[in-house]
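A short worksheet on the structure shown next.
In each ligand, atom 1 is the first atom listed, and ligand 1 is the first ligand listed. The chain is numbered in sequence order, starting from 1.
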Amino acid sequence: MGSNSMLSGFCSNTRISSIQSTKTPFSATLLPPPLFTPSFAQSHKWVSFKVSPCISLRASNRNTRSCRNSAAVQVVGMSSSEDSRTGLKRKKLAVFVSGGGSNFCSILEASLQGSIFGDIVVLVTNKRGCGGAEFAREKGIPVILFPKTKDEADGASPTDLVAALRGFEVDFVLLAGYLKLIPAELIRAYPKSILNIHPSLLPAFGGKGYYGMKVHKAVIASGARFSGPTIHFVDEHYDTGRILAQRVVPVSPNDTPEDLAARVLQEEHRLYVEVVEAICEDRITWRQDGVPLIRRKENPNEFR
Ligand SMILES: Nc1nc2c(c(=O)[nH]1)N[C@@H](CN(C=O)c1ccc(C(=O)N[C@@H](CCC(=O)O)C(=O)O)cc1)CN2
Ligand SMILES: NCC(=O)N[C@@H]1O[C@H](COP(=O)([O-])[O-])[C@@H](O)[C@H]1O
C-alpha cells in the first residue's frame, strides 16, 4: 500500500480561523489538507478513527483540566509547523500503548498546552479496546492495530505499519506501556527515534517477562531501597537500548506493589513529558561512546 494513499485526506474542509472565547482564549487552527478519507479506514481494517470537528485547540492558559476529562480538548491536528524564531520544525509523534494510556494522556496534554513542540498524529495498539485506544478515538486521533496476531487478524504487518507511519510523517515513536516486541523492520526505519519508558531503574528488573506490576513485585521482593522510571532508546531486544533519562523514587519497607507502582507512575508522567519536550526541541546529543544526553534548555552546554 503506497504511503500516498495515506495523504488523501482526514477532514473534509480546511479553513484557518481563530476562536476567541470570553473564558479561555484559544487559538484554533483547522487541519491542513486531510490525511486520509473515511474510505481509507474502510479499505484498511487496522485503522480506526472518529471523524470529528477538525480543530486543534491550544489552551493559552495553564490551568486547563486534565486531558482525561476536559471536553474542551478536541485533538485532531497540529498548528504551525515551524517556529519562526528558532526555525525548529514541529515534530509529529506516534504513541504505542497496550493499556490505560496515562503516559499517552500526559504527553497529549503537554502537547496541547504548548510545552511539547509536537503533535500526536497517530496511536498504535495491540489491544483495540484498551483505555488508551478509546481515549485516542474520543479525541479524533487515528488508531492503528498492530501487530497482526491470531487474536487480532485485522492487525497491520510491520511493512504496512512503517508505510502508515511514513504516511503520517511521524518523526518519533514513543512506546508507553506497549507490551509487544518492536520488530527490526520498524527499528531500522526509525533509527535513534524510538523511545520506551520502563518502570524500573534499568538495567535492573528489565527484559522479557518484566512489565507492569511484575516489575514492582520483583523490586519489592529484592529489598531494593530505590526504584524509578527509565526512558531509553529501543533496540531489537527488550529494555537493552541506550538509557536516556532516569528518575529515582524511594521504596518504603511496607510498600505494596500498587503503592510503588503509583509512586513510579507519577514520576513517569513528569519524566516522559520532559524527555519529549527535549526531543521535539532537538536537544538530544550523542556522546562519543554512544551514550545519549539531554541538553538543558537554559544552557545547551549543560546536560540533564
Ligand atoms: N524491540 C523492543 N520492543 C519493545 C521494547 C524494547 O525495549 N525493544 N520495550 C517493550 C516495553 N517493555 C518494557 O519496557 C516490555 C514489554 C513487554 C515485555 C514482555 O515480556 N512481554 C511479554 C508479552 C506480554 C503480553 O503480551 O501481555 C512477552 O514478550 O512474552 C517485556 C518488556 C515494548 N517493546
Ligand atoms: N515494560 C513495559 C512496562 O511495564 N511499561 C509500563 O506500563 C505502564 C503503562 O501505564 P500507562 O498505560 O498508564 O501509561 C507504565 O508504568 C510503564 O512504565
Side-chain angles (χ1 to χ4, degrees), residues 66-68 93-110 120 123-136 143 145-152 155 158 161-162 173-220 227-249 257-273 275-276 292:
S66 152
C67 65
R68 277 225 167 278
L93 310 169
V95 180
F96 286 40
V97 303
S98 295
S102 70
N103 276 288
F104 157 52
C105 186
S106 300
I107 294 165
L108 179 62
E109 188 168 21
I120 299 173
L123 185 108
V124 178
T125 185
N126 62 308
K127 301 270 187 192
R128 68 175 76 221
C130 72
E134 292 302 333
F135 184 67
V143 176
L145 188 62
F146 175 79
K148 185 193 296 282
T149 66
K150 57 185 186 316
D151 302 338
E152 296 288 7
L161 178 65
V162 170
V173 173
L174 309 174
L175 311 186
Y178 185 70
L179 300 183
K180 290 301 185 188
L181 192 69
I182 297 296
E185 187 171 345
L186 180 57
I187 294 170
R188 284 195 299 272
Y190 283 91
K192 295 186 177 179
S193 301
I194 306 177
L195 290 173
N196 177 56
I197 192 161
H198 179 78
S200 77
L201 296 173
L202 292 176
F205 308 106
K208 190 175 175 66
Y210 283 97
Y211 56 94
M213 292 307 287
K214 294 170 185 278
V215 174
H216 304 298
K217 286 175 180 164
V219 169
I220 288 172
S227 189
T230 299
I231 294 175
H232 62 93
F233 285 93
V234 166
D235 66 14
E236 295 179 16
H237 308 289
Y238 281 137
D239 304 330
T240 55
R242 288 289 190 171
I243 291 173
L244 178 60
Q246 292 185 309
R247 268 289 147 79
V248 176
V249 303
E258 290 73 19
D259 294 334
L260 180 57
R263 194 173 308 126
V264 171
L265 190 62
Q266 196 174 39
E267 281 310 320
E268 289 185 37
H269 295 161
R270 296 183 183 124
L271 185 62
Y272 222 163
V273 167
V275 167
V276 177

Review point. Which class fits the ring pair F96 and Y178: parallel under 30°, tilted 30 to 60°, perpendicular over 60°?
Key: perpendicular
Contacts under 3.5 angstrom, residues 205-212 side chains, donor-acceptor by atom type, not counting sequence neighbours:
none

Check your understanding: Got a sec: does the NZ of K148 have more than 12 other heavy atoms crowding it under 6.0 Å?
Key -> yes
Tabulate distances under 3.5 Å between N/O atoms of ligand 2 and N/O atoms of the protein, writing both atom names on each line.
from: ligand 2; atom 1: 1 (N); to: H198; atom 2: ND1; distance (Å): 3.2
from: ligand 2; atom 1: 1 (N); to: Y210; atom 2: O; distance (Å): 3.3
from: ligand 2; atom 1: 4 (O); to: G212; atom 2: N; distance (Å): 2.7
from: ligand 2; atom 1: 12 (O); to: G101; atom 2: N; distance (Å): 2.8
from: ligand 2; atom 1: 13 (O); to: S102; atom 2: N; distance (Å): 2.9
from: ligand 2; atom 1: 13 (O); to: S102; atom 2: OG; distance (Å): 2.5
from: ligand 2; atom 1: 14 (O); to: S102; atom 2: N; distance (Å): 3.4
from: ligand 2; atom 1: 14 (O); to: N103; atom 2: N; distance (Å): 3.0
from: ligand 2; atom 1: 14 (O); to: N103; atom 2: ND2; distance (Å): 3.0
from: ligand 2; atom 1: 16 (O); to: E268; atom 2: OE1; distance (Å): 3.2
from: ligand 2; atom 1: 16 (O); to: E268; atom 2: OE2; distance (Å): 2.8
from: ligand 2; atom 1: 18 (O); to: E268; atom 2: OE1; distance (Å): 2.9
from: ligand 2; atom 1: 18 (O); to: E268; atom 2: OE2; distance (Å): 3.1

Show which side-chain atoms of residues 180-192 pair as donor or acceptor with protein atoms under 3.5 Å away, not counting sequence neighbours.
from: E185; atom 1: OE2; to: T159; atom 2: N; distance (Å): 3.4
from: E185; atom 1: OE2; to: T159; atom 2: OG1; distance (Å): 2.7
from: Y190; atom 1: OH; to: R166; atom 2: NH1; distance (Å): 3.4
from: Y190; atom 1: OH; to: V170; atom 2: O; distance (Å): 3.4

Review point. For ligand 1, what are the residues with a heavy-atom contact below 4.0 Å?
Key: L175, Y178, L179, K180, L181, I182, I187, N196, I197, H198, G207, K208, G209, Y210, Y211, H232, V234, D235, E236, H237, Y238, D239
Review point. Taking side chain as C-beta onward, heavy atoms only, is T149 less than 4.5 Å from N126?
Key: no
Review point. Can you find a heavy atom in the side chain of E258 that is under 4.5 Å from one in the side chain of H216?
Key: no
Exercise for review: Please round to the nearest 0.5 Å and tell me the distance separating atom CG of L195 and atom CG of L174.
Suggested key: 6.0 Å
Review point. Hey, does T230 have a side-chain heavy atom less than 4.5 Å from the side chain of N196?
Key: no
Practice item. Return yes if a side-chain donor-acceptor contact under 3.5 Å exists between H269 and S102, otherwise no. Key: yes
